[in-house]
Amino acid sequence: MNSQDIANTLNALGKIDAAAEAVSSGTGWSRLIEAAERRAPEMNAQEIANTLNALGKIDAAERAVSSGAGWSRLIGAAERRAPEMNAQDIAHVLNALGKISAAAEAVSSAGWSRFATAVERTSGAMNAQEMSNVVNAYAEMRGVPEAPEAVSAAGWRSLAAVARRTAPAMNSQAIALTVDAAKKLDAFAMAIDDDGWNQLARQVPRVARDFNEQEVVLVLSAVGWKRELAKALARVDGGWDALIAGVERHLEAIKKGWRPDDLMNDARKTGCAIMLISELDGGTFTDERLERVRGELEEMLRADPI
C-alpha cells in the first residue's frame, strides 16, 4: 500500500463503525498503523490530515501507534505539510491533536507556529464545522500552552470573523463547541465583536430543539461565564426560553451525566451556570424555571454527594 491507499483506508474506517470493528484488534491494526508510520514522510497534506483525523476517531487505531517514534513520524509529516493544508486539512489535524495527548506532545514549537499560521491563512474558507472544531481543539489543549499561545491576535480575529460569518449555518454541535471555546479561551472571546455575539445568540433558539444533554450544558455554562453572550441572548426573541426549555427537556440526562466516568459533573456544571446567570448584572437574568432546575440539582447532589 502506498501513502494514498493507507490514508484512504483509515479515512474510510473512521467513517464506518462496523468496518472499523471488523479490523482485528491485534495484528490488523498493528499492520495498518505500522504502514502509516512508515509511509508518513511520503504523505501529502490531505493524506496526513485524514490519517490523523481517523486516529482521533478510532481508539484501537490510536493505541496501535508506537509511542514516541510513531507519533514523531506522523506529527513530523503534518508539520512539514502545514503550509500546504487547506481549511479542512488543518481542522482535521487540530481536531485530532485535541483528542490525542500523545500526538499533541509530539508537536514541536515550530510545529505549533506552522499550524497557527495555517489556521489564519485558511480561515476565510472555513465552514462552521471546521471553525468550531479548530477552536474546540485549542480549548481542549489548554494544558499544552504552546498550542493556543501560537495563535496571533490576528489569528483569533480571523477565527472570530468565521464564527460571526458562519453562525447562521451552525448546527447544535457547532454552536455548543464555539461558545464553549469562547468561555475557555479569553483570546478568542475578546476577538468576538458585538455582532459576533449577536449572531451566535440568534442561532441558539434555531437549533435548541436539536441540543443533546452535553450541548445544552455547554451553551448554558457559556452563557453563565460570558456576560456578552447572556446579554445578546436576551435581545433574541425567544432566546432564553428556548435554552431553558432545552435544559428542562434534558434534566434527567443531565442528572445522570453523559459519560459513566463523569457522573454528576453535568449536574454540578449546570447548577454552577445557573448560579452565575442569577448573579449577572444584579440578577437581571434570574429566571424561576432555571432556579427550579437548580433546586432539583442541589437536592440530588446533597442526597448523593459523589
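The analysis underlying the following values was restricted to heavy atoms, covering all of them including side chains, and did not include hydrogens, waters or symmetry mates. Sequence positions, counted from 1, serve as the residue numbers for this chain.
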Nearest 0.5 Å, please: how far is [atom2] in [Y] from [atom1] in [X]?
X      : Y      : atom1 : atom2 : answer
Asp89  : Phe115 : CG    : CZ    : 11.5 Å
Ile254 : Glu248 : CD1   : CD    : 10.0 Å
Glu215 : Leu220 : CD    : CG    : 13.5 Å
Gln129 : Thr166 : CD    : OG1   : 11.0 Å
Glu228 : Asp193 : CD    : CG    : 11.5 Å
Asp194 : Asn198 : CG    : CG    : 6.5 Å

Show the nearest heavy-atom pair for residues [X] and [Y], with the distance to one decimal.
X      : Y      : answer
Ser172 : Asp210 : OG-O, 3.6 Å
Ala106 : Ser72  : CB-N, 4.4 Å
Ala182 : Ala189 : O-CB, 3.2 Å
Ala174 : Ala128 : CB-O, 4.3 Å
Ser113 : Ala150 : N-CB, 4.1 Å
Met141 : Gly98  : CG-CA, 3.8 Å

[X] side chain to [Y] main-chain N or O, any donor-acceptor pair under 3.5 Å?
X      : Y      : result
Arg157 : Ala191 : no
Glu299 : Glu296 : no
Arg249 : Glu213 : no
Arg165 : Met126 : yes

### Task
Take Lys226 and Val179 through the test side chain to side chain contact (heavy atoms under 4.5 Å, CB included) and record every step on the way to the result.
CA-CA 9 Å; Lys226 289 299 171 185; Val179 298; over 6 Å; no
May I ask you to test the [X]-[Y] pair for a side-chain heavy-atom distance under 4.5 Å?
X      : Y      : result
Ile90  : Glu130 : no
Val144 : Trp112 : yes
Phe285 : Lys231 : yes
Gln199 : Pro168 : yes
Val134 : Phe188 : no
Lys255 : Asp266 : no
Ser221 : Lys183 : yes
Leu55  : Val65  : yes

### Message
Between Glu298 and Arg294, does the salt bridge (Lys or Arg N to Asp or Glu O under 4.0 Å) criterion hold? Intermediate values first, please.
### Response
CA-CA 6 Å; Glu298 288 179 347; Arg294 180 182 172 190; 3.2 Å; yes
Verify the distance criterion only: is there a donor paired with an acceptor across the side chains of [X] and [Y] at less than 3.5 Å?
X      : Y      : result
Asn44  : Arg81  : no
Ser108 : Glu79  : yes
Ser152 : Glu120 : yes

Which one of [options] satisfies the side chain to side chain contact (heavy atoms under 4.5 Å, CB included) criterion with [X]?
X      : options                        : value
Met131 : Leu177, Leu159, Asn136, Val119 : Leu159
Ile48  : Arg80, Met43, His92, Glu84     : Met43
Val219 : Asp180, Val207, Leu243, Thr178 : Leu243

#### Entry: Evaluation steps, salt bridge (Lys or Arg N to Asp or Glu O under 4.0 Å), between Glu34 and Arg31
CA-CA 5 Å; Glu34 284 173 6; Arg31 288 178 179 175; over 6 Å; no
ILVMFWY cluster, [X] and [Y] together (side-chain gap under 4.5 Å):
X      : Y      : answer
Val247 : Val217 : yes
Leu233 : Leu280 : yes
Ile244 : Leu200 : yes
Leu251 : Ile274 : yes
Ile192 : Val162 : yes

### Message
Quick one, Lys99 with Glu140, criterion salt bridge (Lys or Arg N to Asp or Glu O under 4.0 Å). Give me CA distance, side-chain angles, the key distance, then yes/no.
### Response
CA-CA 8 Å; Lys99 295 176 178 178; Glu140 291 300 309; over 6 Å; no
### Pairs touching residues 126-153 that satisfy ring-ring contact (aromatic ring centres under 6.0 Å, His included), sequence neighbours left out
Tyr138-Trp156
#### Entry: Pair Ile100-Trp71, side chain to side chain contact (heavy atoms under 4.5 Å, CB included): steps then yes or no
CA-CA 10 Å; Ile100 308 171; Trp71 287 118; 3.7 Å; yes
### Derivation of the side chain to side chain contact (heavy atoms under 4.5 Å, CB included) call for Asp281 and Arg227
CA-CA 8 Å; Asp281 286 0; Arg227 179 172 173 267; 2.6 Å; yes
### Task
Evaluate side chain to side chain contact (heavy atoms under 4.5 Å, CB included) for Val293 paired with Leu297, printing each intermediate quantity in order.
CA-CA 6 Å; Val293 167; Leu297 294 175; 4.0 Å; yes
### Message
How about CZ on Arg209, more than 12 heavy atoms from neighbouring residues, nucleotides or ligands closer than 6.0 Å, or not?
### Response
no
### Query
Below 4.0 angstrom, N of the basic side chain to O of the carboxylate: do Arg289 and Asp241 qualify?
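Counted as a salt bridge, because a side-chain N and a carboxylate O are separated by less than 4.0 Å.
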